[in-house]
Amino acid sequence: MTLRVAIAEDSALLRRGLSALLKSEGLEVVGEAADGQQLLEMVDKQGADVAVVDIRMPPSYTIEGIQAAETIRSRHPETGVLLLSQYVETENAMSLLKNGAKGLGYLLKERVSDVDEFIDALHRVAAGGTAIDPELVTRLVDRPHKGHDRGDDLTSREKNVLELMAEGRTNQAIGKSLFLGERTVEAHIRSIFLKLDLRPEPEDHRRVLAVLTYLRGVGQGRSSE
């Protein structure tokens with residue numbers, strides 16, 4: 001089944017370039033929007049499996065993309081949202097993640113240049129998974145915070161595994177990246193679930209919950225500073 005994608009980007013050049021790229025990769029572009037309102041009207045009317053949304057759009061170029069994403073997730077929970085940002089904006093990312101990470105992605109625009117990874121991220125998000133930019137995860141993980149959080153109990157290796165889970169990597173891909181066997185990766189993930197106090201649920205759901213629980217913890221740590 002062909003993935004149906006809606007695009008929202010205020011730069012006509014980037015918008016058309018992204019559309020051409022997706023079409024060349026066999027995806028269907030249901031429409032292009034220059035601002036959040038156009039995007040919402042397009043998704044309401046035509047639907048989409050996933051929306052690619054620039055965070056900063058007219059009229060104020062602040063959080064229009066975040067607001068549009070929140071509305072899409074409310075009106076059309078079956079539609080994934082992949083946010084694109086020029087820079088890592090932790091507060092904006094956390095404001096969206098607080099409502100759940102299922103079917104949500106946040107990537108720097110420079111990641112689009114890695115076409116295979118970008119297309120893979122679109123498919124993961126459309127399927128209800130997550131794709132969080134490694135730069136954002138690293139920024140949050142490395143940031144000092146006050147008080148004790150459940151994430152503090154994770155070992156450095158478990159944090160490495162969780163960072164790759166945030167990117168939406170499979171166990172096999174995590175093992176390849178960290179030079180670990182798949183069973184070792186599975187053991188680390190079980191330990192992560194236990195330390196984050198995640199009850200037995202379907203594996204995919206717990207992976208998203210683990211990422212969200214950890215990112216919430218480090219995000220709250222920053223706000224208490």
Side-chain angles (χ1 to χ4, degrees), residues 73 80-83 85 87-108 110-111 114 116-118 120-225:
R73 284 160 66 78
V81 177
L82 179 58
L83 287 158
S85 178
Y87 313 102
V88 174
E89 302 178 66
T90 54
E91 294 305 321
N92 285 338
M94 291 308 302
S95 71
L96 193 59
L97 284 167
K98 69 182 180 182
N99 295 319
K102 184 178 177 62
L104 179 66
Y106 181 104
L107 296 177
L108 291 175
E110 64 189 56
R111 306 298 178 195
D114 188 334
D116 289 341
E117 283 288 340
F118 179 60
D120 185 51
L122 280 175
H123 280 282
R124 289 201 308 271
V125 170
T130 183
I132 309 300
D133 197 282
E135 183 65 26
L136 172 64
V137 179
T138 300
R139 185 80 61 89
L140 289 169
V141 168
D142 291 343
R143 189 168 51 191
H145 61 276
K146 296 179 181 179
H148 181 79
D149 180 79
R150 281 177 293 182
D152 294 334
D153 296 328
L154 300 179
T155 66
S156 59
R157 179 60 79 189
E158 287 166 351
K159 288 179 180 179
N160 292 151
V161 170
L162 190 54
E163 288 173 28
L164 292 171
M165 286 169 62
E167 295 175 35
R169 304 295 184 92
T170 64
N171 289 4
Q172 184 177 15
I174 291 173
K176 185 176 181 180
S177 179
L178 298 177
F179 303 101
L180 298 174
E182 200 162 343
R183 288 189 177 180
T184 301
V185 172
E186 291 171 357
H188 283 310
I189 292 175
R190 284 195 298 272
S191 179
I192 289 169
F193 290 158
L194 182 64
K195 290 180 180 179
L196 295 183
D197 195 27
L198 297 177
R199 295 185 297 253
E201 292 188 57
E203 171 83 3
D204 288 346
H205 186 49
R206 283 209 292 175
R207 290 172 81 94
V208 172
L209 282 176
V211 170
L212 183 57
T213 299
Y214 186 67
L215 292 182
R216 273 177 177 165
V218 292
Q220 289 168 351
R222 181 180 186 274
S223 63
S224 68
E225 292 177 352

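- Proximity of a side-chain donor or acceptor of Arg111 to a complementary backbone N or O of Tyr106 within less than 3.5 Å is not detected.
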- Message: What verdict does the side chain to side chain contact (heavy atoms under 4.5 Å, CB included) test give for Arg73 and Leu104, after you've listed the backbone C-alpha separation in whole Å, the side-chain angles of each residue and the deciding distance to 0.1 Å?
- Response: CA-CA 9 Å; Arg73 284 160 66 78; Leu104 179 66; 3.6 Å; yes
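- For Arg124, the side-chain contact (heavy atoms from CB on, under 4.5 Å) partners at least two apart in sequence or on another chain are Asp120, Ala121, Ala131.
- Listed by chain and number, the residues in a side-chain contact (heavy atoms from CB on, under 4.5 Å) with Glu110 are Leu108 (sequence neighbours excluded).
- The OG atom of Ser191 sits 11.0 Å away from the CG atom of Leu162 when rounded to the nearest 0.5 Å.
- A heavy-atom distance below 4.5 Å is found between the side chains of His188 and Leu180.
- Note that the CD atom of Glu135 and the CG atom of Asp133 stand 7.0 Å from one another [nearest 0.5 Å].
- Atoms NZ and CG, on Lys176 and Asn171 in that order, are 15.0 Å from each other to the nearest 0.5 Å.
- Taking CG of Leu82 as the reference point, atom CG of Leu122 lies at 5.5 Å (rounded to 0.5 Å).
- Here the CD1 atom belonging to Ile189 is positioned 7.5 Å from the CD atom belonging to Glu186, to the nearest 0.5 angstrom.
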- Task: Determine, step by step, whether Leu178 and Glu163 satisfy the side chain to side chain contact (heavy atoms under 4.5 Å, CB included) criterion, reporting the C-alpha distance in whole Å, the side-chain angles of both residues, the deciding distance to 0.1 Å, and the verdict.
- Result: CA-CA 11 Å; Leu178 298 177; Glu163 288 173 28; over 6 Å; no
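- Remark: Ala173 pairs with Arg169, Thr170 by the side-chain contact (heavy atoms from CB on, under 4.5 Å) rule, at least two apart or across chains.
- The minimum heavy-atom distance linking Lys159 with Leu154 is given by the pair CE-O, 3.7 Å.
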